[in-house]
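Written below as structure tokens is the structure these notes are about.
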Amino acid sequence: MDNRLNTKHIVACHLCDALYDKPHLKQGQTAKCNRCGSTLVERKVDSINRSFYWSIAGIILLAPGILLPIIGVTLAKQYHHASLLDCVVVLIERGFFMIATLLFLFAIAVPVVRLFGAFYISFSFKYNRLKPSMLNFFRAYHHLDNWAMLNVFMLGIVVSMYKLLDDTELTINLGLFSFTLFLITSTMASTTLDQDYIWDKLEREFIDDDS
Amino acid sequence: MSSLMTTAKQNGLGLCPKCHKVNKIESEPQQCSRCHGWFYPRKRNSIQYTLAWNIAALLSFIPANLYPIMIIYSLGIGDESTILSGIGQFVDQGLYPIAVIIFTASIIVPLVKIAGLFLLVYKVQTGVRLKPDKHSKLYHVLEFLGPWSMLDVFVVALLVAVVELGIITSVAAGPAINYFTLTVIFTMIAANSFDPRLLWDKKEINDDMFKGKQ
Ligand SMILES: [Zn+2]
């Protein structure tokens with residue numbers, strides 16, 4: 001039964017499996033693995049509050065970022081512009097379902113879900129409204145971590161503007177500005193969340209030790 | 001912080017991949033006592049899956065480069081360009097930074113990623129003169145590289161959408177865009193299937209042998 005007690009005070013490196021005594025960190029401190037150098041545990045500063053405010057900022061930027069035109073082109077003295085949603089619709093009309101789906105997933109769906117997820121989590125922790133279902137929610141939330149393709153998408157916009165530079169007049173619209181900010185806030189809202197702190201707290205609240 | 005100088009696996013423990021809680025392994029799969037997710041102490045059939053997805057990625061990379069990724073219509077005449085010829089056009093126009101960015105994202109990154117994963121799989125299998133810290137870093141890099149190859153796909157997608165609203169010129173995406181997307185998805189799954197701890201499992205054996213001799 002010694003082992004069961006021990007697991008509370010042990011951490012293992014996720015890259016090389018080395019075992020360590022659980023370090024006691026202050027906010028802002030990071031423990032690194034001696035063997036492979038990857039980050040073992042990180043205590044983030046003011047995690048819940050920061051995530052809460054980033055996610056509020058993101059929710060405000062959500063509608064303008066997706067609905068306002070991000071790119072405008074002047075072709076033959078006619079001005080055309082497209083918002084992010086327009087792009088998805090045009091691609092579906094053209095029959096490129098896979099690309100349309102990916103664009104929708106990576107540029108709209110995933111950041112939106114991440115943002116509202118971060119908001120819900122930080123809200124529950126900030127105002128102490130924790131429910132046991134939070135265990136499942138937080139676990140599901142972390143599946144989204146692998147889906148951050150957004151900076152690539154931004155670079156794609158820049159490059160495509162260069163591609164059109166030749167015989168067209170391109171303009172950047174307000175939508176691109178709000179969309180960029182929206183992506184930043186969405187990313188910040190989830191990276192400021194302190195995983196270990198949240199899991200520790202959930203464990204103390206909802207999981208009895210005698211089981 | 002003190003190191004216990006052993007690994008979780010040697011102590012019958014395993015790290016939950018979701019919530020990073022160390023669990024005592026009593027069954028395989030083991031249910032995590034904290035987040036209730038099921039997991040194996042090592043990713044199952046990691047090497048086989050990595051290899052299979054990697055080969056799939058390599059295969060789809062061929063049509064991705066042979067077929068046109070973009071077709072530009074002007075005055076009714078279609079001008080098809082593959083990834084490489086598109087890069088050539090940028091060089092011709094003197095837009096070198098963009099040419100370099102697209103070449104890196106669309107050609108170098110996927111190839112480096114596929115080659116790197118083959119190398120890691122090979123190293124796990126042979127374990128000859130293994131330097132796991134170097135290879136762990138390689139794995140970190142490969143993981144990070146994942147999405148950057150999507151650049152060209154996004155560029156074409158945006159061009160199609162924006163220009164479609166125009167009248168004179170029109171741009172269509174070519175079949176290569178689908179194959180290229182598949183390449184990116186396959187390499188990402190391949191990297192995700194690889195378990196870097198397998199590299200270190202080999203290392204322990206080497207270390208023990210080394211200590212035994214001393
Ligand atoms: Zn390590």
Side-chain angles (χ1 to χ4, degrees), chain A residues 3-4 7 10-12 14-21 23 31 34-38 71 73 75-76 78 80-82 86-88 90-91 94 96 98-100 102-103 106 135-136 138-139 142 146 148-149 152-153 155-157 159-160 162-164 166-168 195-196 199 202-203 207 211, chain B residues 1-4 6-9 11-15 17-24 33-37 93 95 98 101-102 105 132-133 136-137 139-140 147-148 150-151 153-169 172-173 177-178 181 192 196-197 199-201:
Chain A
N3 259 335
R4 181 178 293 281
T7 58
I10 285 177
V11 287
H14 71 286
L15 262 190
C16 75
D17 218 28
L19 277 184
Y20 297 93
D21 288 330
N34 281 334
R35 188 154 76 144
C36 72
S38 68
I71 300 179
V73 198
L75 281 167
Q78 278 184 298
H80 306 276
H81 56 76
D86 295 335
C87 291
V88 175
V90 167
L91 286 170
R94 280 261 147 169
F96 286 96
M98 191 163 74
I99 308 303
L102 283 174
L103 194 64
F106 288 124
L135 280 167
N136 285 323
F138 195 56
R139 183 156 57 92
H142 276 287
N146 306 326
M149 265 205 200
V152 186
F153 178 74
L155 193 58
I157 293 177
V159 175
S160 57
Y162 269 98
K163 279 205 173 184
L164 283 173
D166 231 15
D167 42 14
T168 54
Q195 264 207 68
D196 294 304
W199 279 119
L202 288 175
E203 188 177 27
I207 298 166
S211 64
Chain B
M1 183 180 61
S2 66
S3 165
L4 304 175
T6 49
T7 67
K9 197 187 181 189
N11 288 280
L13 302 169
L15 188 71
K18 300 279 156 45
C19 75
H20 295 174
K21 159 115 183 151
V22 178
N23 277 259
K24 199 181 172 195
S33 65
R34 182 154 76 175
C35 73
H36 306 310
Q93 292 169 27
L95 296 168
I98 299 298
I101 290 176
I102 295 200
D133 47 343
S136 279
K137 279 193 191 96
Y139 178 69
H140 255 318
W148 289 98
M150 281 303 277
L151 183 65
V153 173
F154 281 143
V155 170
V156 175
L158 281 165
L159 281 180
V160 172
V162 174
V163 177
E164 183 70 4
L165 300 161
I167 298 158
I168 293 184
T169 320
I177 197 172
N178 287 322
T181 310
N192 212 23
R197 290 172 295 188
L199 290 167
W200 291 92
D201 289 348

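This structure is a prediction, so every number in the text was calculated from the model and none was measured. Naming: A, B, ... by sequence-line order, numbering from 1 per chain.
The CH2 atom of Trp199(A) sits 10.5 Å away from the NE2 atom of His20(B) when rounded to the nearest 0.5 Å. Rounded to the nearest 0.5 angstrom, Ile177(B) CD1 and Leu91(A) CG are separated by 7.5 Å. Rounding to the nearest 0.5 angstrom, the gap separating the CD1 atom in Ile10(A) from the CG atom in Leu15(B) is 11.5 Å.
Residue Ile101(B) touches chain A through its side chain alone, counting heavy-atom pairs closer than 4.5 Å. Both the backbone and the side chain of Leu103(A) come within contact range of chain B, judged by heavy atoms closer than 4.5 Å.
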